[in-house]
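Just so you know, ligand 1 is whichever comes first in the structure, and atom 1 is the first atom listed for that ligand. These numbers were taken from a predicted model, which means no experiment stands behind them.
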Amino acid sequence: MPIVIHHANEVLTLASEKKGPRTKDAMSELKILKGVSVLLVEDKIQAIAPLDELERRYPLLMETAETINASGKIVMPGLVDCHTHLVHAGTRENEFNMRLNGASYMEIMGAGGGIHYTTAKTRDASFDELYEKSYNHLNEFFKYGITTVEAKSGYGLDWKTEEKQLKVAKKLQATHKMDVVSTFMGAHAVPKEYKGNEDAFVELIIEEMLPKVAAEGLAEFNDVFCEKGVFTPLQARRILEAGKRYGLIPKIHADEIEPYEGAELAAEIGAISAEHLLVASNEGIRQMAEAGTIAVLLPGTAYFLRAPYARGRYMIDWGVPVAISTDFNPGSSPTISLPFIQNLACIHMGLTMEEVITATTINAAHAINREHSVGSLEPGKRADVLILNVPNYKRLQYFYGMNHTDIVIKAGEVVVRNGAVI
Ligand code: NIG
Ligand code: FE
């Protein structure tokens with residue numbers, strides 16, 4: 001049944017004639033409409049216009065449509081979470097406590113915990129266990145207004161488990177209403193069995209895993225954790241270049257803990273995005289701006305690891321297109337609340353209220369090649385629409401750490417009502 005949303009205080013469209021991710025001042029252009037209704041037909045946005053105009057243009061559709069009264073509320077595009085480690089087993093609250101008592105993230109990982117702990121759990125978990133856990137996470141994402149989620153593998157570090165994770169993501173895409181976009185991240189860590197023999201693991205990824213990912217159509221993107229003690233820039237480059245030959249688009253976990261010229265590498269090899277960038281160099285940032293590499297910033301990780309925040313303000317001022325995401329994972333950012341992450345980006349990265357909205361909608365869509373279907377409210381795009389319990393968008397950041405979601409419409413279907421998944 002068509003849906004028509006009336007009387008919203010503000011409709012944030014983020015529409016633009018210009019192509020490409022938004023940069024500089026364009027990140028502040030929310031293109032807000034007032035006094036309009038939004039007509040959704042099947043899974044698409046049909047039109048956004050004053051009510052009398054819609055009635056004139058679409059008399060039949062308007063007569064049969066379900067009407068939603070959004071009076072006193074705002075309407076905006078569904079949020080896009082463009083960097084998550086959705087499919088994994090277990091939790092790591094004990095490590096969090098160890099970190100509160102002084103241990104560092106890399107120390108815990110070096111001692112066989114961290115990513116290695118989750119890898120062991122994920123290897124042990126059955127397909128169905130992983131599927132069910134991830135399915136429930138996706139329902140939580142819906143509650144916070146997220147309608148598209150990227151999901152990285154990387155807690156297998158052997159083909160059997162990497163394939164299991166990617167197949168879980170594929171089944172979720174087929175069975176859950178959420179859109180799930182898949183990234184292969186076999187190079188998330190060097191597994192224990194390859195310690196001291198790192199290059200052999202790099203060979204395994206290049207020679208065996210990447211061809212299978214491509215042949216089975218299991219991912220669109222290829223990501224590497226380029227970090228001291230994990231993968232060197234040279235190893236990362238080899239893995240990402242090899243992925244390109246199989247049509248996998250490069251992404252990089254870059255300059256997260258120590259500067260390692262990850263931003264420079266991302267710009268040079270034409271990665272769609274460099275992610276984290278807590279300690280990226282000025283030169284790397286300049287090169288990203290020139291290459292148009294999207295910076296996917298993850299302030300939840302800096303918060304939870306008590307690390308310095310990425311220099312979001314500086315990046316935007318230099319012309320880097322910025323996206324913001326949760327990095328949802330069991331170690332460095334166990335949260336699904338993208339609204340809270342937006343607030344961290346305002347407070348700790350110096351982004352404005354407008355910029356964080358752009359960074360979690362259209363720019364995040366660009367970071368996963370979904371800008372043609374989601375990230376803004378424009379006729380012909382997917383009907384992924386939020387109705388939020390606030391009278392203006394500024395209230396979202398002001399009443400922080402709260403969930404303002406009232407209704408979530410995913411591909412033309414109401415999936416959350418009164419803040420609850422239906
Ligand atoms: O993006 N940096 C590497 N990977 C994840 C953390 C994974 C984990 O700790 O389980 C991240 O922060
Ligand atoms: Fe990550």
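If you number the atoms of ligand 1 from 1 as listed, the ones under 4.0 Å from a heavy atom of Tyr105 come out as 6 (C), 7 (C), 8 (C), 9 (O). Atoms of ligand 1 found under 4.0 Å from any heavy atom of Tyr155 (numbered from 1 in listed order, with element): 7 (C), 8 (C), 10 (O). Proximity to Ser332 (heavy-atom distance under 4.0 Å) selects the following atoms of ligand 1: 6 (C), 9 (O), 11 (C), 12 (O). Every atom of ligand 1 is numbered from 1 in the order shown, and the set under 4.0 Å from a heavy atom of His83 is 1 (O). Which parts of ligand 1 touch Asp327 is read off a 4.0 Å heavy-atom cut-off, strictly below it: atoms 1 (O), 11 (C), 12 (O).
For the pair Arg99 and Phe304, the cation-pi criterion (under 6.0 Å, within 45° of the ring axis) is fulfilled.
Residue contacts with ligand 1 leave out Glu227, since none of its heavy atoms falls under 4.0 Å from the ligand. Contact between Ile115 and ligand 1 is present, with at least one heavy atom of the residue lying under 4.0 Å from the ligand. Glu275 does not count as a contact of ligand 1, since none of its heavy atoms falls under 4.0 Å from the ligand.
Ionic pairing of Arg286 and Glu290 is present here: one or more N-O contacts between side-chain nitrogen and carboxylate oxygen are shorter than 4.0 angstrom. By the 4.0 Å N-to-carboxylate-O rule, Glu66 lies close enough to Arg417 to be salt-bridged with it. A salt bridge links Lys251 and Glu275; the closest N-O separation between the charged side-chain nitrogens and carboxylate oxygens is under 4.0 Å. A salt bridge links Lys152 and Glu150; the closest N-O separation between the charged side-chain nitrogens and carboxylate oxygens is under 4.0 Å.
Side-chain N/O atoms of Thr183 and Asp223 include no donor and acceptor closer than 3.5 Å.
Ring pair His404/Phe399 is tilted by interplanar angle, where 30° to 60° counts as tilted.
In terms of protein heavy-atom proximity, atom 2 (N) of ligand 1 is nearest to Glu256 OE1, 2.6 Å. Given atom 1 (O) of ligand 1, the protein heavy atom at minimum distance is His276 NE2, 2.8 Å.
A distance-only check finds no donor-acceptor pair linking the side chain of Asn139 to the backbone of Val421 [under 3.5 Å]. A donor-acceptor pair is defined here as one N or O able to donate and one able to accept, closer than 3.5 Å; such a pair exists between the side chain of Thr335 and the backbone of Ser337.
The atom name of the N/O/S atom in Asp327 closest to the Fe ion (ligand 2) is OD1.
Of the polar atoms of Thr301, none of the N or O atoms is found under 3.5 Å from an N or O of ligand 1, judged by distance alone.
The distance from the Fe ion (ligand 2) to the nearest N/O/S atom of His276 is not under 2.8 Å.
Nearest-residue assignment for atom 5 (C) of ligand 1 (options His188, Arg92, Met185; heavy-atom criterion): His188.
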